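Down below is the structure, laid out as structure tokens.
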There are 2 protein chains.
Amino acid sequence: MSKQKLADGLPSRRSDCPIAAALDLVGDKWSLLLIRDIGLLDKHRNKDFQSASEAIPSNILADRLKRMTAYGLLEKRPYQDRPPRYEYHLTRQGRELLPVLRKLALWSEKNLAGVKIPRAAKAPTQDRDVD
Amino acid sequence: MSKQKLADGLPSRRSDCPIAAALDLVGDKWSLLLIRDIGLLDKHRNKDFQSASEAIPSNILADRLKRMTAYGLLEKRPYQDRPPRYEYHLTRQGRELLPVLRKLALWSEKNLAGVKIPRAAKAPTQDRDVD
DNA sequence: TCTGACACTTGTAAAACGCAAGTGACTTGG
DNA sequence: CCAAGTCACTTGCGTTTTACAAGTGTCAGA
């Protein structure tokens with residue numbers, strides 16, 4: 001799965017448009033939802049992601065974690081030795097996607113019927129999100 | 001193509017998360033690029049979209065235009081009678097996605113090597129984009 | 001030793017995508 | 001009037017990606 005160049009580095013870009021370039025990395029059905037889980041919902045481990053309300057398939061989950069780690073958006077960090085277990089955190093690059101997600105959430109709240117942003121959504125921590 | 005409920009109205013949402021809800025509408029490889037074409041690059045007609053640097057397949061293009069129109073993000077407006085021809089414009093809802101795109105573009109410029117936002121990108125017109 | 005938790009991996013079917021070619025309405029040049 | 005061209009799709013079909021279910025390996029704890 002994911003025939004795209006993973007081992008090496010980034011995927012080849014469709015164009016030099018910044019929007020297209022970003023979508024080449026996270027423009028699919030699940031990636032931004034994982035960024036949300038990690039950055040806004042404080043989920044970090046495989047089972048946490050599976051328990052999200054959207055039920056991502058486990059193979060897709062594994063693939064996306066692998067990909068986004070390769071892209072430099074996530075960092076895989078061990079939290080115990082035996083059995084070896086890892087949790088996923090946002091890199092600076094990944095963290096800086098959070099303002100985009102917030103914008104998107106605001107759009108939904110304003111434009112989609114019955115959508116409310118939960119107050120639970122963790123407020124910005126380190127990153128000043130003035131814009 | 002696009003077996004998803006189109007005729008009726010919106011697709012069923014994966015969850016009540018605002019981010020997931022938005023991605024249910026535009027969380028694919030092409031939709032946001034079309035929003036970009038229309039809202040930032042002033043493209044409005046089928047051939048304009050095909051001439052974009054990313055070469056979207058014509059059947060996918062037709063499907064996305066149809067879908068996003070059904071979702072209320074685009075408006076199909078006739079510009080001549082014979083032969084009947086239409087051009088696509090953003091609705092208010094669609095236009096309000098532009099700030100999201102700008103955020104994303106800023107992210108790319110800052111975080112992806114060699115990506116520059118072209119000055120050509122039309123500045124915000126009607127919509128005050130203070131945030 | 002047995003059971004369960006956890007983090008994946010594998011197999012296979014279903015869906016979406018991408019490419020090339022085709023269609024229909026109409027205009028324009030000859 | 002007719003042939004050729006433009007435009008906006010549509011169709012067929014092979015490829016790729018997704019999704020769902022089940023399986024695997026490692027290890028802790030009872």
Side-chain angles (χ1 to χ4, degrees), chain A residues 1-7 11-12 14-15 20 23-34 37-38 43-70 74-89, chain B residues 1-7 11-12 14-15 20 23-34 37-38 43-70 74-89:
Chain A
M1 202 161 243
S2 179
K3 195 81 59 45
Q4 305 163 59
K5 43 202 73 163
L6 254 173
S12 49
R14 274 181 286 183
S15 73
L23 292 178
D24 282 340
L25 301 185
V26 295
D28 71 282
K29 189 173 170 182
W30 295 107
S31 294
L32 287 177
L33 250 36
L34 291 174
D37 284 349
I38 301 176
K43 294 169 184 278
H44 297 278
R45 303 179 182 180
N46 199 299
K47 73 164 160 28
D48 298 330
F49 302 134
Q50 303 236 34
S51 74
S53 50
E54 292 92 4
I56 182 173
S58 62
N59 54 343
I60 303 293
L61 170 60
D63 179 71
R64 293 302 181 278
L65 291 173
K66 203 175 297 180
R67 274 179 42 172
M68 294 204 292
T69 301
L74 304 185
E75 174 199 356
K76 186 178 186 175
R77 161 192 316 174
Y79 67 88
Q80 72 175 33
D81 274 357
R82 310 190 17 268
R85 290 285 182 263
Y86 303 88
E87 52 187 20
Y88 296 86
H89 290 264
Chain B
M1 202 158 244
S2 179
K3 196 80 61 42
Q4 305 164 61
K5 42 202 76 163
L6 253 175
S12 49
R14 274 182 286 184
S15 74
L23 292 178
D24 283 339
L25 302 186
V26 296
D28 70 281
K29 189 173 171 182
W30 296 107
S31 294
L32 288 177
L33 250 36
L34 290 175
D37 283 349
I38 301 176
K43 295 170 184 278
H44 298 279
R45 304 178 181 180
N46 199 300
K47 72 165 162 22
D48 298 331
F49 303 134
Q50 303 235 36
S51 74
S53 51
E54 291 91 4
I56 182 172
S58 62
N59 54 343
I60 305 291
L61 169 60
D63 179 71
R64 292 303 181 279
L65 291 174
K66 203 175 296 180
R67 273 179 43 171
M68 294 203 292
T69 300
L74 302 185
E75 174 199 356
K76 187 179 187 175
R77 160 192 319 175
Y79 68 87
Q80 72 174 33
D81 274 356
R82 309 186 22 268
R85 289 288 184 262
Y86 303 88
E87 52 187 20
Y88 296 86
H89 290 264

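None of these values were measured; they are calculated from a predicted model. By convention in this document, chain letters (A, B, ...) are assigned in the order of the sequence lines, proteins followed by strands, and residues within each chain are numbered from 1.
- Here A:K29 reaches the OP1 or OP2 of D:dA19: one of its side-chain N or O atoms lies under 4.0 Å away.
- With sequence neighbours excluded, the residues forming a side chain to side chain donor-acceptor pair (under 3.5 Å) with B:R45 are B:E87, listed by chain and number.
- For B:S53, there are no side chain to side chain donor-acceptor pair (under 3.5 Å) partners at least two apart in sequence or on another chain.
- Rounded to whole Å, atom P of D:dC7 lies 16 Å from atom CG of B:L65.
- Annotation: side chain to side chain donor-acceptor pair (under 3.5 Å) contacts of B:T69 (sequence neighbours excluded): none.
- Summarising the geometry, the separation between CZ on A:R67 and P on D:dT17 is reported as 9 Å, rounded to the nearest angstrom.
- Using a 30° and 60° split on the angle between ring planes, A:H44 and A:H89 fall in the parallel class, below 30°.
- One interatomic measurement links the two molecules: NZ of A:K76 to C1' of C:dC6, which rounds to 13 Å at whole-angstrom precision.
- Within the 4.5 Å cutoff, side-chain heavy atoms of B:L33 are placed close to those of A:L23.
- Every side chain to side chain donor-acceptor pair (under 3.5 Å) that A:E54 has, sequence neighbours left out, goes to A:R36, B:S15.
- Considering only side-chain N and O atoms, A:W30 lies nowhere under 4.0 angstrom from the phosphate OP1 or OP2 of D:dT18.
- Residues A:S51 and A:D48 bring no donor and acceptor atom of their side chains to less than 3.5 Å of each other.
- D:dT18 atom P lies 14 Å from atom CG of B:L23, rounded to whole Å.
- A cation-pi arrangement, defined by a distance under 6.0 Å to the six-membered ring centre and an angle within 45 degrees of its axis, is absent between A:K76 and A:Y88.
- For A:I60 and D:dT18, the CD1 to P distance is 5 Å, given to the nearest whole Å.
- Applying a 4.0 Å cut-off to non-hydrogen atoms, none of the residues of residues 45-52 of chain B approaches DNA chain C.
- Distance B:D63 CG to C:dC19 C1': 16 Å, rounded to the nearest Å.
- In this structure, B:K43 forms no cation-pi arrangement with B:F49, as its terminal cationic atom is not both closer than 6.0 Å to the ring centre and no more than 45° off the ring axis.
- In this structure, A:K66 places its NZ atom 8 Å from P of C:dC8, rounding to the nearest Å.
- One atom, CG of B:L61, and another, C1' of D:dC7, lie 12 Å apart when rounded to the nearest Å.
- Taking a 4.0 Å limit (strictly below) on heavy-atom distances, residues 77-87 of chain B reaches DNA chain D at B:Y79, B:R85.
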